[in-house]
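Below is one structure, written out as structure tokens; the observations come after it.
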Protein chains: 2
Amino acid sequence: MNAALTLVGKGRHFASLGIREVTRQAGVVPTSFYRHFRNMDDLGLQLVDELGLVLRRMMREARENVLQADKLMDESVGIFISHVQANRSFFFFMAQGLAGESRAVQEGIRSELRFFASELANDLRRLRLADHLSDAELEMTCDLIVRTVAFSLTDLLGVSPDDDYQIDQIRKRTTRFLQLIFVGAAHWKSEGT
Amino acid sequence: MNAALTLVGKGRHFASLGIREVTRQAGVVPTSFYRHFRNMDDLGLQLVDELGLVLRRMMREARENVLQADKLMDESVGIFISHVQANRSFFFFMAQGLAGESRAVQEGIRSELRFFASELANDLRRLRLADHLSDAELEMTCDLIVRTVAFSLTDLLGVSPDDDYQIDQIRKRTTRFLQLIFVGAAHWKSEGT
DNA sequence: CACATTAGTGAACAACTGTACACAACGGTG
DNA sequence: CACCGTTGTGTACAGTTGTTCACTAATGTG
């Protein structure tokens with residue numbers, strides 16, 4: 001699994017990896033592959049599970065560090081970006097998998113994102129930051145937030161990890177996106193639908 | 001190019017396609033490939049160009065059909081969805097390419113999206129729907145809109161094209177996302193930044 | 001320690017891959 | 001018609017692929 005991630009981190013697409021290639025990178029003979037996985041899709045599914053752990057760690061850190069509501073977004077986006085930097089290959093895999101070739105992997109990642117969104121909704125409720133929204137409205141908002149951040153991932157993975165300037169641009173842009181969404185959510189009811 | 005698109009439309013990932021596979025699908029001998037493309041990346045780049053045309057057609061249709069501002073979003077999302085249905089393979093390619101293996105293709109698609117966002121900004125200006133926003137703010141809003149719709153693409157491609165119920169769900173959700181963003185944009189200034 | 005399970009090995013296979021080359025059919029222009 | 005640039009063909013080759021099988025090394029439990 002590490003070998004596959006390494007290759008993905010080097011710019012290869014998961015869908016184009018072969019068994020021999022992965023085992024070669026792992027420093028192991030091709031046949032060993034079958035001791036652990038039935039095929040590449042299987043490997044992908046197990047990677048999705050590990051990806052879930054990575055996302056949960058990120059969420060926990062965000063929960064612990066976001067104390068005042070006014071810095072919520074700056075902090076969260078910052079934590080997101082630092083986790084992406086620290087687990088670049090995983091996030092490459094995630095970005096690829098969303099439109100990947102294995103339906104199962106695709107569905108797995110999507111379900112991780114849904115879970116993330118619903119956890120986020122819980123947190124916002126808990127912090128009493130969305131009292132005027134119904135459950136459905138809050139869920140929609142969180143869904144949009146997660147999607148927006150997930151799309152920023154594509155930007156983030158497109159620039160070199162050392163390019164601090166570009167990364168900062170992405171952070172600012174993402175933060176403004178979230179602010180815009182929050183403003184929308186804050187005034188949602190007043191518009192009526 | 002059609003052969004490659006066909007394979008992608010069948011669920012294959014572009015990154016995993018080989019020259020022989022594509023030429024086989026095209027009903028042509030492998031060596032013929034080199035008469036038209038240097039390698040698969042080259043083919044990808046030319047597909048991006050064609051994708052640009054598809055997007056432009058879609059934009060034109062939206063411009064012609066969106067007459068009253070109040071139905072703007074319903075109409076636009078509807079047009080988007082019908083174009084996706086009509087050019088499913090192209091949009092598969094686009095979704096894949098965003099996190100694809102060829103940096104050039106990636107950049108090409110991203111630039112198509114940027115262009116789309118800036119055209120959208122022009123249109124909104126022209127319709128006098130964003131008079132209270134500065135150019136930069138409008139651009140940000142349109143960027144977010146395009147991203148949101150692009151992400152919905154992933155949802156749309158994940159369900160069967162005949163599953164009218166699910167497609168309708170996606171349309172409604174996407175429309176609400178856009179409404180939320182518009183509400184945010186409408187109240188943006190008043191919040192201050 | 002002895003034993004059973006798990007992880008890794010090496011050789012082998014047919015099938016497939018990208019690419020090179022010299023050659024043939026085609027289509028339009030003079 | 002003759003000519004030439006473009007597209008397509010057939011053959012060839014070395015390298016890679018997924019998967020199989022019988023084998024050995026490592027591991028942890030009684």
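A, B, ... follow the sequence lines: proteins, then strands. Residue 1 opens every chain.
Looking at heavy-atom distances under 4.0 Å, B:Tyr34 makes contact with a base. Contact annotation for A:Val28: backbone-only contact, meaning every heavy-atom pair under 4.0 Å involves sugar-phosphate atoms and none involves a base.
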- Do B:Val105 and B:Ile109 pass the side-chain contact (heavy atoms from CB on, under 4.5 Å) test, and can you show the C-alpha distance, the side-chain angles, and the key distance before you say yes or no? CA-CA 6 Å; B:Val105 167; B:Ile109 292 179; 4.1 Å; yes

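Scanning for side chain to side chain contact (heavy atoms under 4.5 Å, CB included) contacts around A:Ser82 gives an empty result, with sequence neighbours left out. Shown here are the side chain to side chain contact (heavy atoms under 4.5 Å, CB included) partners of A:Arg24, two or more places apart in sequence or in another chain: A:Arg20, A:Glu21. B:Glu112 pairs by the salt bridge (charged side-chain N to carboxylate O under 4.0 Å, His left out) definition with B:Arg56, not counting sequence neighbours. Scanning for salt bridge (charged side-chain N to carboxylate O under 4.0 Å, His left out) contacts around B:Asp168 gives B:Arg171, B:Lys172, with sequence neighbours left out. Looking at residues two or more places apart in sequence or on another chain, you find a salt bridge (charged side-chain N to carboxylate O under 4.0 Å, His left out) between A:Asp155 and A:Arg173, B:Arg110, B:Arg147.
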Give the table of side-chain donor-acceptor pairs shorter than 3.5 Å for residues 30-43 of chain B, with sequence neighbours excluded, one pair per line with atom names and distance.
unit_1	atom_1	unit_2	atom_2	d
B:Asn39	OD1	B:Asp41	N	3.1
B:Asn39	OD1	B:Asp42	N	3.0
B:Asp42	OD2	B:Arg38	N	3.0

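The distance from atom CZ of A:Arg24 to atom C1' of D:dT16 is 8 Å, rounded to the nearest whole Å. Spacing between atom CZ of B:Phe37 and atom P of D:dT7 amounts to 10 Å, rounded to whole angstrom units. Atom P of nucleotide D:dG5 and atom NE2 of B:His36 are separated by 18 Å, given to the nearest angstrom.
For residues 69-85 of chain B, no pair satisfies salt bridge (charged side-chain N to carboxylate O under 4.0 Å, His left out), with sequence neighbours left out. The salt bridge (charged side-chain N to carboxylate O under 4.0 Å, His left out) contacts involving residues 82-103 of chain A comprise A:Glu101-B:Arg12, where partners must be two or more places apart or lie in separate chains. Listed by first and then second residue, the ring-ring contact (aromatic ring centres under 6.0 Å, His included) pairs involving residues 93-140 of chain B are B:Phe14-B:Phe93 (not counting sequence neighbours).
Residues from residues 6-20 of chain A that place a heavy atom under 4.0 Å from any atom of DNA chain D, listed by number: A:Gly18, A:Ile19, A:Arg20.
Residue order along DNA chain C, read from the 5' end via each residue's closest nucleotide, puts B:Asn39 first among B:Arg35 and B:Asn39.
The side chain of A:Thr31 places no N or O atom within less than 4.0 Å of a non-bridging phosphate oxygen (OP1 or OP2) of D:dT20.
In this structure, the separation between CG on B:Leu51 and CG on B:Leu45 is 12.0 Å, given to the nearest 0.5 Å.
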Strictly under 3.5 Å: I want the nitrogen or oxygen pairs between protein and nucleotides 27-29 of chain D, one per line.
none

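When DNA chain C is scanned in the 5' to 3' direction for atoms under 4.0 Å from non-hydrogen atoms of chain B, the outermost contacting nucleotides are C:dT17 to C:dC23.
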